[in-house]
Amino acid sequence: AGRSLQQFTLENRGSLVWSATGAISSGSGAVIRNTVGSTFVLSAAGSYLYNLGGTVSIFDNQGALTVAPGPGNTFTVATIFNHSNGSVAVSSGILLLQNGGTQTAPVNVAAAGELDFNGGTHAINNGATYVGGTGPVRLLAGAMDPEPPPRERPRPRTHAPSRAPK
């Protein structure tokens with residue numbers, strides 16, 4: 001069964017693992033906050049939704065956030081996603097950000113992970129870098145301000161067939 005969060009802040013000040021599938025519905029300015037020095041692991045396919053009206057809800061990461069719902073699975077944040085101070089590591093599966101937010105700290109997307117921006121405006125400020133890993137970072141919808149430079153990917157090599165002299 002789903003859960004809901006309205007008008008309150010759920011604050012992690014230690015270590016927290018989100019291991020259940022399903023969604024948390026939210027609205028009226030609800031906040032999930034991972035504080036400085038804390039660890040939050042999203043280890044299952046799930047969602048933090050803004051679907052109960054009122055002021056838009058926020059996912060506020062200030063600590064270490066690890067996204068690992070597993071290959072082919074998605075964790076969706078359909079609220080404003082603010083990321084400062086700490087780190088985000090998408091080690092497997094997809095982190096789907098749907099309602100904009102502010103990024104000011106590093107993000108690591110491993111080869112088995114993917115980071116998708118899909119709606120809203122995502123402000124990419126000083127310090128927000130996509131470092132380490134080779135997983136894709138994609139803008140599906142919405143905007144990035146300013147748009148980060150594309151990742152350099154190796155160019156495919158083409159070889160002309162060798163010809164023997166006649």
Side-chain angles (χ1 to χ4, degrees), residues 1-109 113-128 130 135-148:
R3 304 279 187 236
S4 63
L5 181 65
Q6 288 186 284
Q7 299 178 332
F8 292 97
T9 297
L10 174 63
E11 197 166 84
N12 175 34
R13 293 184 180 185
S15 181
L16 181 64
V17 176
W18 182 326
S19 60
T21 58
I24 293 180
S25 296
S26 72
S28 301
V31 176
I32 292 180
R33 179 173 294 126
N34 188 37
T35 61
V36 173
S38 297
T39 302
F40 197 156
V41 177
L42 306 173
S43 66
S47 302
Y48 178 43
L49 305 173
Y50 167 64
N51 58 353
L52 299 177
T55 304
V56 177
S57 302
I58 296 173
F59 190 108
D60 181 22
N61 181 55
Q62 301 171 7
L65 177 66
T66 300
V67 181
N73 293 319
T74 300
F75 192 91
T76 302
V77 178
T79 66
I80 292 173
F81 182 81
N82 292 332
H83 168 53
S84 62
N85 297 320
S87 63
V88 172
V90 182
S91 57
S92 70
I94 300 166
L95 175 58
L96 178 64
L97 303 178
Q98 291 189 317
N99 211 349
T102 301
Q103 312 286 317
T104 59
V107 177
N108 182 340
V109 183
E114 182 175 310
L115 174 60
D116 291 342
F117 297 95
N118 192 30
T121 298
H122 298 271
I124 310 298
N125 296 324
N126 292 339
Y130 299 98
V137 176
R138 304 183 311 161
L139 177 62
L140 303 175
M144 297 179 101
D145 180 28
E147 188 158 333

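Quick caveat: nothing in here was measured; it's all calculated off a predicted structure. Counting from 1, the numbers follow the sequence of the chain as shown.
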Review point. What distance do Phe75 atom CZ and Trp18 atom CH2 have between them, rounded to the nearest 0.5 Å?
Key: 3.5 Å
Study note, to complete from the structure: Interatomic distance, CG@Asp60 vs CD@Glu11, rounded to 0.5 Å, equals 8.5 Å
Check your understanding: Taking side chain as C-beta onward, heavy atoms only, is Leu97 less than 4.5 Å from Gln103?
Key -> yes
Exercise for review: Say whether, by atom type as modelled, one donor and one acceptor occur between the side chain of Ser57 and the main chain of Gly27 under 3.5 angstrom.
Suggested key: yes
Study note, to complete from the structure: Between Asn34 and Asn12, the two heavy atoms sitting closest are OD1-ND2, 2.8 Å
Practice item. With the side chain counted from C-beta on, respond yes when Leu95 and Val88 share a heavy-atom pair under 4.5 Å apart, and no when they do not. Key: yes
Check your understanding: Hey, does Ser91 have a side-chain heavy atom less than 4.5 Å from the side chain of Thr66?
Key -> yes
Point to revise | Minimal non-hydrogen separation, Ile94 against Val67, with atom names | key: O-CG1, 4.5 Å
Check your understanding: OH of Tyr48 to OG of Ser25: how many Å apart, nearest 0.5 Å?
Key -> 10.0 Å
Exercise for review: Rounded to the nearest 0.5 Å, what's the gap from CG on Leu49 to CD on Gln98? Could you check?
Suggested key: 8.0 Å
Point to revise | Separation of Phe59 CZ from Ile32 CD1 (nearest 0.5 Å) | key: 6.0 Å
Study note, to complete from the structure: In short, Ser92 meets Pro69 closest at the heavy-atom pair O-CD, 3.0 Å
Exercise for review: Please report the closest heavy-atom contact between Asn99 and Thr79, naming both atoms and the distance.
Suggested key: CB-O, 3.3 Å
Practice item. First locate atom OG1 of Thr104, then atom CG of Asn85, and finally report the distance between them rounded to the nearest 0.5 Å. Key: 6.5 Å
**Study point:** Shortest non-hydrogen contact between Gly113 and Pro136, atoms and distance
**Key:** O-CD, 3.3 Å
